[in-house]
Amino acid sequence: MLNFPLRNKSGIRIGVDIVEVKRVVRLITENPDILDTIFTTHESAYCVGKRGQYERLAVRFAAKEAVLKAFGTGIGQGVYWTDVEVINDVIGKPHICLHNEVAASAQRRGLVDLDITLSHTVGMAIACAVAVWK
């Protein structure tokens, strides 16, 4: 029998997350201050007040989860939602910017590349992250 969870941590790791948009709507409408806990100022500015704002927020939430899954970690122990930021380049392609402990951990552990893809409908948002490690 092969036991793959025992392999070393180098190579390629993926993380996927799917979020119901209505969950994000409920979260934000019940507690508007949570925006600053989950999203960076740049992310909020990109989403809030625009057409499809909740879908945009939901897919960024999914992206944060997907990245942390590809890292094999989660929130807590000095890791915050805002440490994983989704930014878009001039043509709209999403990229991940890491901050604080997540950035330091990525450097210590040998992160070589990180890619993200995002998609959403009116009801669902999904993200897939691919992390390449030394």
Side-chain angles (χ1 to χ4, degrees):
M1 176 165 81
L2 297 174
N3 191 352
F4 290 105
L6 295 178
R7 70 185 186 279
N8 69 32
K9 300 294 182 185
S10 65
I12 298 172
R13 296 188 54 138
I14 64 166
V16 176
D17 195 63
I18 188 166
V19 176
E20 284 185 290
V21 174
K22 68 181 179 181
R23 177 178 167 219
V24 173
V25 171
R26 185 176 55 247
L27 186 68
I28 292 168
T29 55
E30 289 176 0
N31 184 6
D33 293 336
I34 203 154
L35 272 173
D36 295 335
T37 303
I38 299 173
F39 303 102
T40 66
T41 303
H42 183 273
E43 289 171 320
S44 292
Y46 184 83
C47 300
V48 175
K50 297 193 175 130
R51 187 172 151 254
Q53 72 177 352
Y54 291 113
E55 291 86 352
R56 291 175 185 230
L57 290 166
V59 82
R60 278 155 183 76
F61 185 86
K64 294 167 185 279
E65 287 273 13
V67 167
L68 294 174
K69 288 176 180 179
F71 279 38
T73 64
I75 294 299
Q77 300 176 359
V79 175
Y80 301 94
W81 291 113
T82 53
D83 291 344
V84 178
E85 180 179 32
V86 179
I87 57 172
N88 293 80
D89 66 18
V90 294
I91 63 169
K93 183 182 182 332
H95 297 274
I96 298 297
C97 186
L98 303 176
H99 303 284
N100 304 317
E101 180 53 35
V102 176
S105 173
Q107 189 171 25
R108 278 192 312 271
R109 294 174 53 203
L111 182 66
V112 175
D113 197 10
L114 179 61
D115 201 7
I116 190 85
T117 186
L118 312 174
S119 189
H120 59 78
T121 65
V122 173
M124 301 297 289
I126 189 168
C128 179
V130 177
V132 180
W133 303 92
K134 286 184 186 174

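The shown structure was predicted, so the numbers you read here are calculated from the model rather than taken from an experiment.
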Visitor: Which pair of heavy atoms, one from Arg23 and one from Val19, lies closest together, and at what distance?
Guide: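 Scanning both residues, the minimum pair turns out to be NH1-CG1, 4.4 Å.
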
Visitor: Does the Ser105 side chain pair with the main chain of Glu101, one donor and one acceptor, at a distance under 3.5 Å?
Guide: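 Side chain of Ser105 to backbone of Glu101, a donor-acceptor pair under 3.5 Å: no, none is there.
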
Visitor: Please determine whether residues Ile18 and Val16 belong to a single hydrophobic cluster, defined as Ile, Leu, Val, Met, Phe, Trp and Tyr linked transitively by side-chain heavy-atom distances below 4.5 Å.
Guide: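 Ile18 and Val16: one cluster.
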
Visitor: Does any N or O in the side chain of Lys69 come within less than 3.5 Å of the main-chain N or O of Ala129, such that one atom is a donor and the other an acceptor?
Guide: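 No; judged by distance alone, with no hydrogens or angles, the pair does not exist.
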
Visitor: Using atom types as modelled and distance alone, determine if a side-chain donor or acceptor of Arg109 lies under 3.5 Å from a backbone N or O of Phe71.
Guide: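 Here the side-chain-to-backbone pair exists.
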
Visitor: Looking at every heavy atom in both Ala125 and Val21, which two are closest together, and how far apart are they?
Guide: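 Result for this residue pair: N-CG2, 4.4 Å.
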
Visitor: Does the distance from a Lys or Arg side-chain N to an Asp or Glu carboxylate O, for Lys50 and Glu55, drop under 4.0 Å?
Guide: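 Result for this pair is no, no salt bridge flagged.
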
Visitor: Would a single hydrophobic cluster contain both Ile87 and Leu111, if residues Ile, Leu, Val, Met, Phe, Trp and Tyr are joined by side-chain heavy-atom contacts under 4.5 Å?
Guide: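 They do not share one cluster, since no chain of ILVMFWY contacts under 4.5 Å joins Leu111 to Ile87.
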
Visitor: Roughly how far, to the nearest 0.5 Å, is the OG1 atom of Thr117 from the CD1 atom of Ile126?
Guide: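 Separation between the atoms: 9.0 Å.
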
Visitor: Report the distance from atom CG of Leu114 to atom NE2 of His95, rounding to the nearest 0.5 Å.
Guide: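 These two atoms lie 11.0 Å from each other.
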
Visitor: Look up atom CD1 in Ile12 and atom CG in Asp115, then write down how far apart they are to the nearest 0.5 Å.
Guide: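 Going from CD1 on Ile12 over to CG on Asp115, the span is 11.0 Å.
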
Visitor: So with a 6.0 Å cut-off around NZ of Lys22, is the heavy-atom count from everything else above 12?
Guide: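 Open.
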
Visitor: With rounding to the nearest 0.5 angstrom, report the NE2 to CZ distance, His42 to Arg60.
Guide: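 His42 NE2 to Arg60 CZ: 9.0 Å, rounded to 0.5 Å.
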
Visitor: When you group the ILVMFWY residues by side-chain heavy-atom contacts below 4.5 Å and let the links chain together, are Val67 and Val79 in the same group?
Guide: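 Hydrophobic grouping puts Val79 with Val67.
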
Visitor: What's the shortest heavy-atom distance between Ala127 and Ile116, and which atoms?
Guide: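 Of all heavy-atom pairs spanning Ala127 and Ile116, the closest is CB-CD1, 4.3 Å.
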
Visitor: Only counting residues at least two apart or in another chain, list the ones meeting ring pair (Phe, Tyr, Trp, His ring centres under 6.0 Å) with Phe61.
Guide: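 Partners of Phe61 by the ring pair (Phe, Tyr, Trp, His ring centres under 6.0 Å) criterion, ordered by chain and then number, come out as Trp81.
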
Visitor: Could you grab the distance from atom CG of Asp83 to atom OG1 of Thr40, nearest 0.5 Å is fine?
Guide: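 Here the rounded value is 10.5 Å.
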
Visitor: What are the two closest non-hydrogen atoms of Trp133 and Ala70, and how far apart are they?
Guide: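 Taking every non-hydrogen atom into account, NE1-O, 3.8 Å.
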
Visitor: Atom CD of Glu85 and atom CD1 of Ile96: how far apart are they, to the nearest 0.5 Å?
Guide: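 Glu85 CD to Ile96 CD1: 9.0 Å, rounded to 0.5 Å.
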
Visitor: Any link between Ile14 and Val112 through a network of hydrophobic side chains (Ile, Leu, Val, Met, Phe, Trp, Tyr) touching at under 4.5 Å?
Guide: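 Shared cluster, yes.
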
Visitor: Taking all atoms of both residues into account, what is the closest heavy-atom pair of Val86 and Glu43, and its distance?
Guide: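 Looking at all heavy atoms of both residues, the shortest contact is N-OE2, 2.7 Å.
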
Visitor: Does the Gln53 side chain pair with the main chain of Gly49, one donor and one acceptor, at a distance under 3.5 Å?
Guide: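 A pair under 3.5 Å: yes.
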
Visitor: For the residue pair Ile28 and Leu35, establish whether any side-chain heavy-atom pair is separated by less than 4.5 Å.
Guide: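 When only atoms from C-beta onward are counted, Leu35 and Ile28 do touch, with a gap below 4.5 Å.
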
Visitor: If you group Ile, Leu, Val, Met, Phe, Trp and Tyr by side-chain heavy-atom gaps below 4.5 Å, do Val48 and Tyr46 land in one group?
Guide: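 In one cluster: no.
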
